[in-house]
Amino acid sequence: MSEATGGAAPQDVMVRAEQVHKYFGSAHVLKGIDLEVARREVMCVVGPSGSGKSTLLRCINHLERVDAGRLSVDGELVGYRERGGKLHEMRESEVAQQRRDIGMVFQRFNLFPHMTALENVMEAPCRVKGESRGAVRERAQALLTRVGLGDRGDAYPSQLSGGQQQRVAIARALAMQPKLMLFDEPTSALDPELVGEVLDVMRGLALEGMTMVVVTHEMGFAREVGDTLVFMDDGVVVERGDPKEVLVRPQHERTRAFLSKVL
Amino acid sequence: MSGTVTRGPEARPAPLEAVPVRHPGRWAAIVVIAVLVAMAINSVVTNENWQWRFILDNVFAQPVLQGVWTTLWLTVAAMLMGVVLGIVLAVMRLSPNPVLSGSAWFYIWVFRGTPVLVQLTIWAQLGSLYRSISLGVPFGPGWFTFDTRNLIPNAVAALLGLGLNEAAYMSEIIRAGILSVDEGQSEAASALGMSRMQTLRRIVLPQAMRVVVPPTGNETISMLKTTSLVSVVPYAELFFQTSSIGSRTFQVFPTLVMASLWYLALTSVLMVGQYYIERHYARGSVRALPPTPVQRLRARLARSGERR
């Protein structure tokens with residue numbers, strides 16, 4: 001609770017959002033989000049569907065552009081450059097450059113179906129960073145082993161279970177050696193018995209000190225692994241704090257109502 | 001292997017005994033069609049006017065083979081031109097830049113909206129519109145000047161007419177293919193830091209191919225036959241060659257049969273090629289690819305070999 005609300009030193013902040021607004025047409029999806037994620041922090045974002053959690057996550061790596069306010073990752077404004085007190089939109093290539101350092105895991109995995117698991121993991125380091133295939137292959141194999149799929153490198157996504165696909169997707173994001181990982185409901189599309197294997201991998205990542213923002217419905221994971229829990233509803237952050245506190249003694253009526261439905 | 005063989009029959013319960021459904025309609029259809037086929041064969045064999053002897057003597061004649069060759073390279077070249085230009089047009093149409101998407105729309109509107117026969121004739125007649133073409137500063141002095149009669153020989157007119165027209169159709173096929181790829185794919189690629197071009201080339205187009213290949217095979221087969229129109233340019237492809245034999249020898253009908261046989265043979269070859277290309281791009285979308293006819297044959301031979 002202390003790091004997120006107390007205002008950490010600037011160099012310790014990985015993500016900072018100040019009065020971030022987002023509209024889809026006339027729908028006001030994010031209504032002035034203020035948020036700080038410290039380095040090595042695991043922040044879990046919960047809330048009812050349509051509350052803007054996923055949109056916030058997609059703003060962090062500029063898959064959606066922010067309409068008002070400022071959003072920065074590792075001290076760098078996302079999608080814009082400030083020059084002479086004026087904001088300039090970044091070129092597509094510059095945005096791509098920023099995204100290299102931010103890994104993202106999607107609810108529906110979004111693995112590339114025409115490539116094997118190993119090729120999925122190798123694609124971005126080889127094409128985007130231009131690393132040598134040999135070195136990348138070794139690292140990709142190690143990553144697959146780490147997510148428990150060392151022997152499935154030759155399998156196509158359609159030959160893997162949902163849980164296995166999501167673990168490959170995590171390995172794919174890690175292959176770019178990101179400084180921040182975004183998880184967009186990573187277990188929501190999985191059969192219940194496959195959720196555990198994905199959460200295990202994420203737990204391991206958190207233990208190694210990866211900075212993570214996790215949009216999730218897994219309250220158990222949030223309580224156990226999360227450093228901070230953020231409850232969002234209707235485009236605003238309603239409550240934020242230590243997950244063990246928030247889940248047991250929510251301060252706001254809306255949080256209480258939501259938790260009573262999901263716990 | 002042997003374990004499953006011995007276990008199989010024991011584990012399986014006795015099959016249900018039931019009278020199978022009868023299909024009298026099938027038998028009726030067989031009889032009707034057999035009679036019709038017999039009548040057709042009888043007429044083809046006994047009617048002297050088919051001139052099978054003449055067809056056999058001329059089907060591999062030098063000008064006919066030359067025509068086949070021209071038809072083949074024209075088909076391949078026009079399709080290549082159509083696919084390459086079609087990809088460019090499809091990407092332009094999907095571009096957020098309104099000038100690019102507008103120009104692509106206009107191109108498709110013009111080339112799809114006029115008959116290819118008319119377009120071919122226009123290319124052939126271009127010399128009467130522009131006596132010469134010069135390269136240089138727009139509206140300014142020219143550095144190189146070409147006489148159009150030398151610049152656009154009939155082969156080029158034929159290729160331009162077919163290829164540019166095909167590009168309009170191919171671009172719509174490719175656009176449909178690109179749109180069929182889930183948006184999550186380009187999102188995942190951008191999230192990894194891939195550029196728009198990389199995403200298109202590495203992620204979207206390979207997946208679009210699965211949707212693009214079947215109609216493209218269709219277009220190729222259609223193109224093979226459309227090449228017969230370039231006889232108006234005039235350009236000596238298969239149909240031009242067989243027709244001229246027909247008018248020279250007054251054997252019009254047999255030469256038409258000859259041309260049809262050639263077109264059928266070439267189309268069959270293309271269909272085999274399409275089968276293997278489709279199979280290649282199905283990679284990853286099905287769990288296990290079905291065996292090819294060759295693999296099936298080999299498996300059958302191997303099995304019969306084992307038995308012996």
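Lettering follows sequence order; numbering is per chain, from 1.
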Residues, nucleotides or ligands: over 12 heavy atoms within 6.0 Å of [X] [atom1]:
| X | atom1 | result |
| --- | --- | --- |
| A:Glu208 | CD | yes |
| A:Arg108 | CZ | no |
| A:Asp154 | CG | no |
| B:Trp69 | CH2 | no |
| A:Arg203 | CZ | yes |
| A:Glu82 | CD | yes |
| B:Arg279 | CZ | yes |
| B:Arg298 | CZ | no |

Next item on the list: Before giving the answer on side-chain contact (heavy atoms from CB on, under 4.5 Å), spell out for B:Met194 and A:Arg99 the whole-Å C-alpha distance, their side-chain angles and the decisive distance to 0.1 Å.
Entry: CA-CA 9 Å; B:Met194 293 174 79; A:Arg99 288 191 184 123; over 6 Å; no

Next item on the list: Would you give the length of the straight line joining atom CD of A:Glu92 to atom OG of B:Ser195, rounded to the nearest 0.5 angstrom?
Entry: 8.0 Å

Check: How long is the span from the CZ atom in B:Arg202 to the SG atom in A:Cys126, to the nearest 0.5 Å?
Finding: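 Between atom CZ of B:Arg202 and atom SG of A:Cys126 there are 9.0 Å.
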
Note to self: By the definition side chain to side chain contact (heavy atoms under 4.5 Å, CB included), identify the one residue from B:Met209, B:Arg210, B:Gln207 that meets it with A:His114.
What the structure shows: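 For A:His114, the side chain to side chain contact (heavy atoms under 4.5 Å, CB included) test succeeds with only one of B:Met209, B:Arg210, B:Gln207, which is B:Gln207.
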
Note to self: Quick check for you: among A:His62, A:Glu123, A:Gln98, A:Lys129, which has the greatest number of heavy-atom pairs under 4.5 Å with chain B?
What the structure shows: A:Glu123

Residue part contacting chain B, namely of [X], when any heavy atom lies under 4.5 Å:
| X | value |
| --- | --- |
| A:Leu182 | neither |
| A:Leu63 | side chain |
| A:Arg127 | both |
| A:Phe106 | side chain |
| A:Arg172 | both |

Notebook entry, point to check: What are the two closest non-hydrogen atoms of A:Val128 and B:Gly193, and how far apart are they?
Noted result: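 Of all heavy-atom pairs spanning A:Val128 and B:Gly193, the closest is CG1-O, 3.5 Å.
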
Check: chain A heavy atoms under 4.5 Å from B:Gln198: which part of the residue, side chain, backbone, both or neither?
Finding: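 Just the side chain, heavy atoms under 4.5 Å.
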
Notebook entry, point to check: Could you walk me through whether B:Ile203 and A:Met115 pass the side-chain contact (heavy atoms from CB on, under 4.5 Å) check?
Noted result: CA-CA 9 Å; B:Ile203 308 300; A:Met115 299 181 185; 3.8 Å; yes

Margin query: Go through it in stages, so that I can follow the logic: the residues are B:Val204 and A:Phe112, the test is side-chain contact (heavy atoms from CB on, under 4.5 Å), and I'd like the CA-CA distance, side-chain angles, deciding distance and then a yes or no.
Written below: CA-CA 9 Å; B:Val204 176; A:Phe112 306 134; over 6 Å; no

Check: Taking the side chain from A:Asn110 and the backbone from B:Gln185, do they hold a donor-acceptor pair closer than 3.5 Å?
Finding: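 Checking the backbone N and O of B:Gln185 against the side chain of A:Asn110, no donor-acceptor pair under 3.5 Å is found.
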
